[in-house]
There are 2 protein chains.
Amino acid sequence: MVTSKEVHMQDLIRQAEALCQRSGMAFTAPRRRVLEILAASETPMKAYDLISKAGEGGQATKPPTVYRALDFLCQLGLVHRIEQDATFVACNHAGHAQPVALFVCNSCLKATEVAYGEVSPILEKAAAAKGFNLQRLVVEGRGQCQDCAMAA
Amino acid sequence: MVTSKEVHMQDLIRQAEALCQRSGMAFTAPRRRVLEILAASETPMKAYDLISKAGEGGQATKPPTVYRALDFLCQLGLVHRIEQDATFVACNHAGHAQPVALFVCNSCLKATEVAYGEVSPILEKAAAAKGFNLQRLVVEGRGQCQDCAMAA
DNA sequence: CCTAGTATGTTATTACATAACACCCTATAT
DNA sequence: ATATAGGGTGTTATGTAATAACATACTAGG
């Protein structure tokens with residue numbers, strides 16, 4: 001059986017390859033490895049869990065290798081960093097141009113992505129009212145996800 | 001001359017005292033010290049800068065002392081933690097019931113507080129559409145503040 | 001070839017945060 | 001008066017997150 005996770009991963013990998021091709025960057029082994037691990041994970045992962053996992057199967061993988069891969073993948077928009085708790089998650093609707101908010105479930109720790117296109121201009125305007133020119137926006141949250149609400 | 005910073009600090013301290021009184025908690029020396037340092041700072045501060053500064057003038061101040069004070073002050077809403085860069089800033093409109101976004105200037109690093117009351121329900125609704133019950137929201141940003149825009 | 005640009009490997013260190021336990025203070029119940 | 005429970009701090013040690021700095025390798029264009 002082919003799980004949706006696996007399909008998702010194939011998508012992400014293809015996306016990554018395409019993006020790299022276009023921008024003349026290399027989709028190298030460590031970058032692929034990090035993306036695969038994140039894509040396979042149910043929940044956002046801490047950097048050092050990633051480092052351990054990437055090191056399984058022989059060669060040790062050191063922090064800088066993984067952090068560099070994460071930076072790269074974040075810039076491409078294939079991975080999101082969740083600032084609240086310093087974790088990383090594979091984007092689950094690869095290729096979105098839209099900004100997304102990440103809402104983390106307090107029970108199962110899974111992240112739900114929600115597009116917030118409509119609120120960007122509102123916040124930009126609110127910022128502009130104070131003379132602030134908004135360039136980058138971070139929207140995150142905590143709460144209870146659908147599955148956990150059902151279970152309760 | 002009495003600066004607006006100093007007035008702001010007096011306000012915050014009074015607020016803190018009042019809040020503690022009401023909830024039966026103690027506004028102790030380390031808590032006061034941390035709040036004073038933050039209120040006097042132009043920009044958000046890193047925890048370890050706070051630790052050093054709190055330790056000036058004799059007794060060494062250790063990380064747990066400061067982190068405990070920060071947790072306390074954050075819960076009271078007198079201090080905000082900026083997740084993006086793990087810094088802390090005194091709230092500059094003490095006693096707001098409103099949630100606020102924190103926008104950090106890329107040049108001078110000062111934080112601008114912007115109330116985002118109007119967008120909360122929108123995001124809550126967007127989350128609800130995916131079955132997510134939003135309990136806590138973090139809105140932060142980066143960009144250029146008014147002063148730096150003028151200077152440029 | 002050679003060299004400029006991109007990327008990784010490796011060592012070491014810096015920065016951020018908390019666990020765990022001892023001690024103190026103060027309010028209140030006996 | 002004294003025991004004790006709760007809230008708070010002090011201290012040691014450690015866990016966790018991230019990066020600096022420098023060496024090495026791969027690949028494309030001159």
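Each chain gets a letter, A, B and so on, in the order the sequences are listed, and its residues count up from 1. Since we're looking at a predicted model, the values are computed, not measured.
The CG-P distance, from A/D71 to D/dT19, rounds to 7 Å in whole Å. The nearest whole Å value for the distance from the CE atom in B/M25 to the C1' atom in C/dC25 is 16 Å. Distance, B/Q84 CD to C/dA15 P: 20 Å, rounded to whole Å. We find that CZ of B/F72 is positioned 20 Å from P of C/dA17, with the value rounded to whole Å. Remark: C1' of C/dC16 and OH of A/Y67 are 11 Å apart, rounded to the nearest angstrom. What separates CD of B/Q75 from P of D/dG7 is a distance of 13 Å, to the nearest Å. Summarising the geometry, the separation between CG on B/L70 and C1' on C/dA15 is reported as 15 Å, rounded to the nearest angstrom. When rounded to the nearest whole Å, the span between CD of B/Q21 and C1' of C/dA27 equals 15 Å.
We find that A/R142 and B/E83 are not joined by a salt bridge, their nearest charged nitrogen and carboxylate oxygen being 4.0 Å or further apart. Taking 4.0 Å as the cut-off between side-chain N and carboxylate O, A/R32 and A/E17 count as a salt-bridged pair. Using a 4.0 Å cut-off between charged nitrogen and carboxylate oxygen, A/R14 and A/D11 count as a salt-bridge pair.
Residues B/C74 and B/R81 approach most closely at SG-N, 4.2 Å, considering heavy atoms.
Contacts between residues 45-54 of chain A and DNA chain D, defined by a heavy-atom separation under 4.0 Å, are made by A/K46, A/A47, A/Y48.
To the nearest 0.5 Å, atoms CG (A/L109) and OG (A/S41) are separated by 10.5 Å. The distance from atom CG of A/L134 to atom CD of B/Q144, rounded to the nearest 0.5 Å, is 12.0 Å. Separating the CD atom in A/Q10 from the CD1 atom in A/I13 is a distance of 7.0 Å, to the nearest 0.5 Å.
OP1 or OP2 of D/dG10 sits under 4.0 Å from a side-chain N or O of B/T65.
Which of C/dT8, D/dA17, D/dG8 sits closest to the side chain of B/A26 comes down to D/dG8. Listed nucleotides: C/dT8, C/dT11, C/dC16. Nearest to the side chain of A/K62: C/dT11. Nearest to the side chain of B/P64, among C/dT18, C/dA17, C/dT8, sits C/dT18.
At a cut-off of 3.5 angstrom, the base of D/dG7 holds no donor-acceptor pair with the side chain of B/R68.
Nucleotides of DNA chain C nearest to A/T28 and B/R81 differ in position, and the one nearer the 5' end is that of A/T28.
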